Amino acid sequence: MRLKDKVAVITGSSRGIGRAIAEEFSKQGAKLVVTYNTNSVDAGKVVDNIISSGGDAIAFKLDVRDRQNVKNIFNETRKHFGRVDVLVNNAGINKRGFFEEITDEDWDLIMAVNLKGPFVCCQEVFPCMIEQKAGRIINIASVAGQYHGPKTVHYAVSKAGLISLTKVLSRYGAPHNILVNAVAPGIILTDQTRDELNSPAGDRIVDMTLLKRPGNLADIASTTVFLASDEQNYITGQVISVSGGAYLG
Ligand code: NDP
């Protein structure tokens with residue numbers, strides 16, 4: 001029960017890494033706001049699993065590109081649970097492509113979801129955390145933002161931007177006891193990576209890790225729990241690369 005009674009909003013928690021984080025948070029005693037963009041059925045299953053295991057969770061539709069939608073989520077969370085202790089900016093998308101292949105539309109979409117979305121979520125949750133005199137924000141970045149591509153130009157830039165946002169906001173958060181950190185996953189098997197991991201490039205990607213294997217959802221979830229918990233009260237503005245040594249920093 002490392003997160004007992006903490007209220008956590010996890011963006012993009014209908015599946016993949018976000019779902020694993022939501023379920024682990026619940027096991028650790030947190031009350032969950034699960035959000036989905038298109039996948040209401042899967043989000044409903046996540047909430048049902050949590051509730052049938054004795055936890056507390058509610059699902060909302062959230063498109064992080066829509067500021068009013070983001071505002072409403074935090075208002076609804078406060079109405080339902082009374083507070084917001086933890087925000088995990090997990091929602092993210094990828095479209096692999098080399099430099100010369102990226103269209104304006106692809107660039108704008110990736111930036112809107114992966115970088116502006118977390119910015120808006122942070123901006124909208126900050127006043128609540130300031131009022132509470134405490135808060136934790138964990139941004140799910142990527143080793144791509146540390147390693148810098150090359151096959152994911154816009155994605156890598158968006159995640160490098162998210163790492164920078166993490167560091168800048170740790171300065172704004174510190175006077176209010178709001179700790180802002182990032183987790184940078186390496187290659188984790190989810191819907192986002194399945195095709196690439198199963199393609200001929202898959203072995204090469206795995207070979208880039210020192211541990212010579214993809215990571216598990218649990219590796220990301222447990223690191224995120226640690227950053228959200230009271231086990232640590234002195235880490236802010238940092239990026240933890242959970243990448244099997246694909247990035248050595
Ligand atoms: P998935 O594709 O499995 O899940 C993405 C989640 O984001 C879904 O819940 C989806 O909702 C939600 N989402 C998509 N677009 C939006 C939007 N506009 N607004 C709100 N929510 C949205 O991704 P992963 O679990 O693989 O990735 C999760 C995070 O981890 C991402 O930020 C990703 O970049 C990062 N990451 C993943 C790695 C990996 O190896 N898998 C490696 C490094 C980083 P819905 O289901 O409703 O469509």
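Hydrogens, waters and symmetry mates play no part in the numbers below; they use all other heavy atoms, side chains included. All ligand and atom numbering here is 1-based and tracks the order in the structure. Since the model is a prediction, treat every value here as computed from it, not as a measurement.
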(request) Taking the side chain as every heavy atom from C-beta outward, state whether Phe74 and Arg78 have any pair of such atoms under 4.5 Å apart. (result) no
(request) Compare all side-chain heavy atoms of Phe60 with those of Asn72 and state whether any distance is below 4.5 angstrom. (result) no
(request) Please confirm whether Thr11 comes under 4.0 Å of ligand 1, counting heavy atoms of the residue only. (result) no
(message) Quick check on Pro214 - does any of its heavy atoms sit under 4.0 Å from an atom of ligand 1?
(response) no
(request) Drop me the distance from Lys95's NZ to Glu105's CD, to the nearest 0.5 angstrom. (result) 8.5 Å
(request) Between Gly16, Gly92, Ala91, Gly18, flag the one that comes closest to atom 5 (C) of ligand 1 by a heavy atom. (result) Gly92
(request) Measure from atom 41 (N) of ligand 1 to every heavy atom in Ile10, Thr190, Val88, Leu109 and give the option owning the shortest one. (result) Thr190
(message) Going by the closest heavy atom to atom 37 (C) of ligand 1, which one wins out of Ile17, Val70, Asp66, Asn89?
(response) Ile17
(request) With atom 14 (C) of ligand 1 as the reference point, say which of Ile188, Ile93, Thr193, Ile110 has the nearest heavy atom. (result) Ile93
(message) So, 4.0 Å and heavy atoms of Lys159: is ligand 1 close enough to count as a contact?
(response) yes
(request) Provide the number and element of each atom of ligand 1 under 4.0 Å from a heavy atom of Ile187. (result) 40 (O)
(request) Can you measure from CD (Gln68) to CD1 (Ile73) and round to the nearest 0.5 angstrom? (result) 11.0 Å
(message) Taking the basic N atoms (NZ, or NE/NH1/NH2) and the acidic carboxylate oxygens, is any pair closer than 4.0 Å for Asp63 and Lys61?
(response) no
(message) On a heavy-atom basis, which atom in Val239 and which in Ala184 lie closest, and how many Å separate them?
(response) CG1-CB, 3.8 Å
(message) Using a 4.0 Å cutoff against the non-hydrogen atoms of Tyr155, which atoms of ligand 1 qualify?
(response) 33 (C), 34 (O), 35 (C), 36 (N), 43 (C), 44 (C)
(message) For residues Phe119 and Leu179: do they belong to one hydrophobic cluster (side chain heavy atoms under 4.5 Å, members Ile, Leu, Val, Met, Phe, Trp, Tyr)?
(response) no
(request) Give, for atom OG of Ser243 and atom CG of Leu248, the distance between the pair rounded to the nearest 0.5 Å. (result) 7.5 Å
(request) Would you tell me which option among Ser243, Gly186, Ser158, Ser14 has the nearest heavy-atom contact to atom 45 (P) of ligand 1? (result) Ser14
(request) Pick whichever of Thr152, Asn39, Val64, Val34 has a heavy atom sitting closest to atom 19 (N) of ligand 1. (result) Val64
(request) Could you tell me whether ligand 1 has any atom less than 4.0 Å away from a heavy atom of Val113? (result) yes
(message) Give the atom numbers and elements of ligand 1 that come within less than 4.0 Å of a heavy atom of Arg65.
(response) 18 (N)
